[in-house]
**Q** 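Before we start, here is the structure in question, set down as structure tokens.
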Amino acid sequence: MRVLLVGAGGVGTAITRIAARRSFFEAMVVADYDPARAEAAVAALDDGRFGAERVDAGDESAVAELLVRHRCDVLLNATDPRFVMPLFRAARTAGATYLDMAMSLSHPHPERPYAECGVKLGDDQFAQAEEWAKAGALALVGMGVEPGLSDVFARYAADELFDEIEEIGVRDGANLTVDGYDFAPSFSIWTTIEECLNPPVVYEAGRGWFTTEPFSEPEVFDFPEGIGPVECVNVEHEEVLLVPRRVDARRVTFKYGLGREFIETLKTLHLLGLDRTAPVTVPSASGPVAVSPRDVVAACLPDPATLGERMHGKTCAGTWVRGVKDGVPREVYLYHVVDNQWSMAEYSSQAVVWQTAVNPVVALELLAGGAWSGSGVLGPEAFPARPFLDLLTAYGSPWGMREQ
């Protein structure tokens, strides 16, 4: 397997550190708009299988040319969701398998944003599913931790733990703190704003997908391994759009443990219009310039990938499932916890970044070995769960299950 990894930020760099310990691939080209980032990621490895290139992720022809020139049969997208579609199309043009961790962007319903879906997450990709399937090509979408591992947990629950599923609820929480910062998101603020301020999507059998107000249906969820109770709220996320396509459940939700202070900060950014992506014109020493308010917010905050040494605590991603097994009600929480102290010591990557990065590497290894295969545009819930969970444990990061 020859891989083109586009994006050498926190997650992309963590991917290289994880992959360097595995033997399933022949080469990995690390490409980024900033060549220094790609070169730094490669130089840290001292592994001849890795090389660095510069590429603009929005330039489809340049990405396709890079895939062909390096004879890469897989494109792994580690950029933010703005670049999903050009990279997705470039992979198809070059005849490469495509894999991402976040799907194409949504657009709220123009008249009823908090009741009806507009363009849903992933709709632009699924619109091309038939083309991919006819070509015998695979786009594995949403293969991070959430979405990704959370979808694998849903598949595992349906196949091995339940006869009937009433509800699948992805629940994400942490007790992470960052020394020296009052507000320092542990993941891309650009993506966090997109997820948290868009209308959350809920799925119900018979009704389909619908939306609610941001931060709706608050609940306190008790997370394992010492994290404890965290208030969680509805957030727009791919699992709600992916899981019902393959897993029979009466209701599917995603709730994120944000905390009251984080929610109020996001509300303030929205109130001031600082969550917008459309450029605004501002004066500068060189004359008027157009800048995106959200990009300004991101530039004012620390890079999440650099926070590991200041960060303490654990992060938990998991899937709560309620249903029936052998005529008896059952409720479980399938989860994966990463301790920041461990991920920093083992990989020099902070916990949230590492937890996101390990899952696409596991998926690549399953594809390389043939344990996972398929064609079309497919999410992780379309594949058998057991091989993935066994291999994740073999990577030294076991998952857990708690009967509720």
Side-chain angles (χ1 to χ4, degrees), residues 5 7-22 24 28 30 37 40-47 50 76 78 80 101-102 143-150 152-153 170-181 184-189 191-192 223-228 230 256-259 301-319 334-365 388-400:
L5 169 64
V11 172
T13 297
I15 284 171
T16 65
R17 293 170 182 171
I18 297 165
R21 301 189 185 188
R22 310 300 294 185
F24 67 87
M28 182 175 288
V30 184
R37 293 207 306 181
V42 170
L45 300 172
D46 191 25
D47 186 328
F50 292 83
L76 173 52
D80 75 52
M101 291 163 274
M143 191 58 255
V145 59
E146 292 170 341
L149 178 57
S150 49
V152 173
F153 283 147
V170 180
R171 299 292 184 266
D172 179 298
N175 61 359
L176 295 168
T177 59
V178 182
D179 293 339
Y181 290 98
S186 57
F187 203 70
S188 161
I189 187 62
T191 303
T192 301
F223 289 91
E225 298 195 20
I227 295 174
V230 179
Y256 196 6
L258 294 170
L301 291 170
D303 179 354
T306 67
L307 296 176
E309 293 183 354
R310 295 171 174 259
M311 191 179 289
H312 309 278
K314 299 176 181 180
T315 184
C316 178
T319 304
L334 301 155
Y335 65 88
H336 183 250
V337 172
V338 178
D339 187 322
N340 188 72
Q341 184 177 358
W342 175 85
S343 64
M344 286 298 297
E346 284 288 316
Y347 290 90
S348 299
S349 294
Q350 57 104 318
V352 177
V353 162
W354 189 91
Q355 189 182 47
T356 303
V358 68
N359 295 286
V361 181
V362 172
L364 285 176
E365 186 160 347
F388 188 100
L389 296 175
D390 288 347
L391 189 53
L392 180 64
T393 299
Y395 272 52
S397 188
W399 57 283

**Q** Can you list the residues that meet the side-chain hydrogen bond (donor to acceptor under 3.5 Å, both in side chains) rule with T319, with sequence neighbours excluded?
**A** none

**Q** Atom CD1 of I15 and atom CG of N359: how far apart are they, to the nearest 0.5 Å?
**A**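 Atom-to-atom, I15:CD1 and N359:CG are 10.0 Å apart.
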
**Q** Output every pair passing salt bridge (Lys or Arg N to Asp or Glu O under 4.0 Å) with a member in residues 170-180, not counting sequence neighbours, ordered by first then second residue.
**A**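 The answer is R171-E219.
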
**Q** Within the distance-only criterion (no hydrogens, no angle test), does the side chain of T356 pair as donor or acceptor with the backbone N or O of V145 below 3.5 angstrom?
**A**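 No; zero donor-acceptor contacts below 3.5 Å.
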
**Q** Taking only residues at least two apart or on different chains, which pairs with a member in residues 348-362 satisfy salt bridge (Lys or Arg N to Asp or Glu O under 4.0 Å)?
**A**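 The answer is none; no pair qualifies.
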
**Q** Got a sec, which residues hit side-chain hydrogen bond (donor to acceptor under 3.5 Å, both in side chains) with D47, two or more places apart in sequence or on another chain?
**A** R49

**Q** With Y256, which residues qualify under ring pair (Phe, Tyr, Trp, His ring centres under 6.0 Å), at least two apart?
**A** none

**Q** Among residues at least two apart in sequence or on other chains, which ones pass side chain to side chain contact (heavy atoms under 4.5 Å, CB included) with V337?
**A** P224, E225, K314, C316, Y335

**Q** Quick check: closest heavy atoms across M143 and A363, and the distance to 0.1 Å?
**A** CG-CB, 3.6 Å

**Q** Checking D303 now: which residues fulfil salt bridge (charged side-chain N to carboxylate O under 4.0 Å, His left out) with it, not counting sequence neighbours?
**A** none

**Q** From the options L149, V361, V152, select the one residue that forms a side-chain contact (heavy atoms from CB on, under 4.5 Å) with L392.
**A**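 Exactly one candidate clears the test, L149.
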
**Q** What orientation do W354 and W342 show, parallel under 30°, tilted 30 to 60°, or perpendicular over 60°?
**A** perpendicular

**Q** Heavy atoms only: give me the nearest A41-T13 pair and the separation to one decimal.
**A** CB-OG1, 4.0 Å

**Q** Distance from F50 atom CZ to M28 atom CE, nearest 0.5 Å?
**A** 5.0 Å

**Q** Please name the pair of heavy atoms, one in A78 and one in L5, separated by the smallest distance, quoted to 0.1 Å.
**A** CB-CD1, 3.8 Å

**Q** Measuring from atom OG1 of T192 to atom CD1 of I189, what distance do you get when rounded to the nearest 0.5 angstrom?
**A** 5.0 Å

**Q** Hey, what do you get for CD1 (I18) to OH (Y395), rounding to the nearest 0.5 Å?
**A**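 Spacing of CD1 (I18) from OH (Y395) equals 8.5 Å.
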
**Q** Among residues at least two apart in sequence or on other chains, which ones pass salt bridge (charged side-chain N to carboxylate O under 4.0 Å, His left out) with R22?
**A**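 Partners of R22 by the salt bridge (charged side-chain N to carboxylate O under 4.0 Å, His left out) criterion, ordered by chain and then number, come out as E365.
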
**Q** Mind checking side-chain hydrogen bond (donor to acceptor under 3.5 Å, both in side chains) for T191 and listing every partner two or more places apart, or none if nothing turns up?
**A**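 Testing T191 for side-chain hydrogen bond (donor to acceptor under 3.5 Å, both in side chains), a comparison that skips the adjacent residues, returns S188.
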
**Q** Can you name the nearest heavy-atom pair linking A20 to L45, along with the distance?
**A**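 Nearest pair, atom of A20 first, then L45: CB-CD2, 4.0 Å.
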
**Q** Write down the atom of P185, the atom of L307, and the distance for their closest heavy-atom approach.
**A**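 Here P185 and L307 meet closest at O-CD1, 3.7 Å.
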
**Q** Taking side chain to side chain contact (heavy atoms under 4.5 Å, CB included) as the definition, give me every residue that meets it alongside V353, ordered by chain and number, with sequence neighbours left out.
**A** V11, A14, Q350

**Q** Using modelled atom types only, decide if a donor and an acceptor are shared between the side chain of S343 and the backbone of N340 within a distance under 3.5 Å.
**A** yes

**Q** Could you state the interatomic distance from CD (Q355) to CD (E146), rounded to the nearest 0.5 Å?
**A** 7.0 Å

**Q** From T16 OG1 over to Y347 OH, what is the distance, rounded to the nearest 0.5 angstrom?
**A** 11.5 Å

**Q** Among residues at least two apart in sequence or on other chains, which ones pass side-chain hydrogen bond (donor to acceptor under 3.5 Å, both in side chains) with S349?
**A**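 Result, side-chain hydrogen bond (donor to acceptor under 3.5 Å, both in side chains) vs S349: R17.
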
**Q** Taking salt bridge (Lys or Arg N to Asp or Glu O under 4.0 Å) as the cut-off, I'd like each qualifying pair that reaches into residues 342-357, sequence neighbours left out, listed once.
**A** R21-E346

**Q** If you compare all heavy atoms of A8 against all heavy atoms of V30, which two are closest, and at what distance to 0.1 Å?
**A** CB-CG1, 3.9 Å

